[in-house]
There are 2 protein chains.
Amino acid sequence: MTGQVRTVDGRVAGRRGQATRQKLLDCLSEMLSSSPYRDVKVIDVARRAGTSPATFYQYFPDVEGAVLEIADQMATEGAELTELLEGRSWAGKAGWQTAQELVDGFLDFWRRNDAILRVVDLGAAEGDKRFYKIRMKILNSVNNSLADAVAELQSRGRVDKDVNPAAIAGSIVAMLAAVASHQKGFQSWGVKQAELKPNLALLVHLGITGRKPTK
Amino acid sequence: MTGQVRTVDGRVAGRRGQATRQKLLDCLSEMLSSSPYRDVKVIDVARRAGTSPATFYQYFPDVEGAVLEIADQMATEGAELTELLEGRSWAGKAGWQTAQELVDGFLDFWRRNDAILRVVDLGAAEGDKRFYKIRMKILNSVNNSLADAVAELQSRGRVDKDVNPAAIAGSIVAMLAAVASHQKGFQSWGVKQAELKPNLALLVHLGITGRKPTK
DNA sequence: CACTTGTCCTGTCATGCCGTCAGCTTACCG
DNA sequence: CGGTAAGCTGACGGCATGACAGGACAAGTG
């Protein structure tokens, strides 16, 4: 699928080159975790990677280009989120477990990748199609599964006709993403991590099925 | 409340100075709407305002400082969000209307201020306490009202005991904010503005009361 | 009207990052 | 060992930053 890794000026990257490239990506990742996106400078990334700025520009057009690369790697790993919903049931006790595991997996994924996801979120909100596409790639699997679940319940008359499955699913996914990226924020509202999850799962269950879960 | 407006070097700003200052803020606001936060440069803001970079630095320590100023103004205006919930009922048809009007007002406020809210959201997610505080200022009123509503329903046995009002309210507010800032995103999921609102209102109503609305 | 005072703005400058290029070093291969 | 392509960097013009001193301006005073 992915063609050969190439430098900006068109050369094919060999073992050594790819290693350097990856090191730059790793260092950029670290920098994003420790300092504001706006303040991340090419020179700092290069220094941290023990190389020079010129080398950075050999592999990436700019900081944004490198961020897109990291984000794309993450989005590929994000396929794991699909498994949270594959073949799951939303009925009875199983439904409650599905909701819980979805929340758990989602929050965990977000926490592991929070730095880069922040930037992706910002880029998408600013209207950048490339970031937008990556955000889609991550959320689409979950979103589609949820929309399917709602549509299916709807066809069996368990959910009102005038509900729009895509709108419900999208809103729920947006909620999960937002809560995940402001997890720390809930502490100042006096809500602990452990308390947050079941309440979030409750909201998910309510949203999808329209009913309280049977626990 | 707000003390006298002062320049960075401590002088008190007069009429003319305040006008210039405000013009810089307005221009910065516009720039944030049209180009990525990361790419907003002092020199561009100054040029657009028909003044020089040096003038900018007379009133603000840096771009971030000016953004905080704008955000604070907005947060103050954001007090209007409180009215969306003041004295409203969550019972019966009135409850459905409350939910609808909350969604409507919230999405509208967010759309009017989306550029600056994106930056505030990013700053808060990055852990900057100043941005965090502003985000709180905006969301707190809505959040507290919602939490109160849940707590009240809970005390009357209409909502389960093990629900955490603050967690529910916080999650719903986060959802509203997230959906609002990615409103355009829903279009690529085939969801139109007009369809989005009632579905979002449904989720809000379900979350607060635990029941479907009576329409 | 000239003078004074305090506010307001800008020209200028040192500093530091950006992004590019030519050219040097390193690795691989016949 | 020599050729070739990959890999890296020093150095440079260009631009934004942020600080300062001094000029422009409005308003009040004698």
Side-chain angles (χ1 to χ4, degrees), chain A residues 2-28 30-32 34-70 119 123 130, chain B residues 2-32 34-70 119 123:
Chain A
T2 55
Q4 280 179 312
V5 179
R6 287 182 175 278
T7 58
V8 167
D9 54 338
R11 282 204 309 271
V12 181
R15 265 197 312 283
R16 194 146 86 100
Q18 289 201 25
T20 312
R21 197 184 129 97
Q22 191 56 50
K23 188 163 194 178
L24 284 167
L25 287 177
D26 292 345
C27 291
L28 174 55
E30 287 172 37
M31 304 235 34
L32 283 174
S34 60
S35 56
Y37 176 48
R38 200 167 197 282
D39 296 343
V40 171
K41 309 287 178 199
V42 169
I43 198 169
D44 296 324
V45 178
R47 258 202 285 264
R48 182 186 273 248
T51 180
S52 78
T55 302
F56 182 95
Y57 287 105
Q58 198 155 38
Y59 295 107
F60 310 103
D62 50 24
V63 173
E64 200 182 80
V67 167
L68 279 165
E69 185 78 24
I70 298 176
V119 181
R130 297 165 304 170
Chain B
T2 55
Q4 278 179 313
V5 179
R6 286 181 175 278
T7 58
V8 167
D9 55 337
R11 278 204 317 273
V12 181
R15 264 196 314 282
R16 196 147 87 95
Q18 289 200 25
T20 311
R21 196 183 128 100
Q22 191 57 49
K23 188 163 194 177
L24 284 167
L25 288 177
D26 292 344
C27 291
L28 174 54
S29 249
E30 288 172 38
M31 302 234 44
L32 283 173
S34 59
S35 57
Y37 176 48
R38 199 169 197 283
D39 296 342
V40 171
K41 307 292 178 198
V42 169
I43 197 168
D44 297 322
V45 178
R47 258 201 286 264
R48 182 185 274 246
T51 179
S52 78
T55 302
F56 182 95
Y57 287 106
Q58 197 157 39
Y59 294 107
F60 310 102
D62 49 24
V63 173
E64 200 181 81
V67 168
L68 278 165
E69 186 77 19
I70 299 176
V119 181

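This structure is a prediction, so every number in the text was calculated from the model and none was measured. By convention in this document, chain letters (A, B, ...) are assigned in the order of the sequence lines, proteins followed by strands, and residues within each chain are numbered from 1.
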On the nucleotide [N], are OP1 or OP2 found under 4.0 Å from the side-chain N or O atoms that [X] carries?
X: Thr55(A); N: dT9(D); result: yes
X: Tyr57(A); N: dC8(D); result: no
X: Thr20(A); N: dC8(D); result: yes

Close side-chain approach of [X] and [Y], heavy atoms under 4.5 Å:
X: Gln22(B); Y: Tyr59(B); answer: no
X: Phe60(B); Y: Leu28(B); answer: no
X: Tyr57(A); Y: Val8(A); answer: no

How long is the line joining [atom1] of [X] and [atom2] of [N], in whole Å?
X: Phe60(B); N: dC8(C); atom1: CZ; atom2: P; answer: 13 Å
X: Asp44(A); N: dC17(C); atom1: CG; atom2: P; answer: 7 Å
X: Glu64(B); N: dG18(D); atom1: CD; atom2: P; answer: 11 Å
X: Asp39(B); N: dC18(C); atom1: CG; atom2: P; answer: 12 Å
X: Asp9(A); N: dC8(D); atom1: CG; atom2: C1'; answer: 12 Å
X: Ile43(A); N: dG14(D); atom1: CD1; atom2: C1'; answer: 15 Å
X: Leu24(A); N: dC8(D); atom1: CG; atom2: P; answer: 9 Å
X: Gln18(B); N: dC9(C); atom1: CD; atom2: C1'; answer: 16 Å

Tabulated below should be each protein N or O lying under 3.5 Å from an N or O of nucleotides 21-28 of chain C; please produce it.
from, atom 1, to, atom 2, distance (Å)
dC28(C), OP1, Arg15(A), NH2, 2.7

(message) Quick check against the 3.5 Å criterion: does Ser35(B) have a side-chain atom that pairs as donor or acceptor with the backbone of Asp39(B)?
(response) no

(request) Considering only NZ, NE, NH1 and NH2 on the basic side and carboxylate oxygens on the acidic side, decide whether Arg130(A) and Glu64(A) come within less than 4.0 Å. (result) yes

(message) Can you tell whether the side chains of Asp44(A) and Arg47(A) come within less than 4.0 Å, N to carboxylate O?
(response) yes

(message) For a quick check of understanding: with a heavy-atom distance under 4.0 Å over all strands, which category does Thr51(A) fall into, base, sugar-phosphate or nothing?
(response) sugar-phosphate

(message) Over all strands shown, is Tyr59(A) touching base, sugar-phosphate only, or nothing at heavy-atom distances under 4.0 angstrom?
(response) sugar-phosphate

(message) Quick check: closest heavy atoms across Ala46(A) and Ser52(A), and the distance to 0.1 Å?
(response) CB-C, 3.6 Å

(message) The side chain of Arg47(A) is closest to which nucleotide in this list: dC17(C), dT17(D), dT9(D)?
(response) dC17(C)

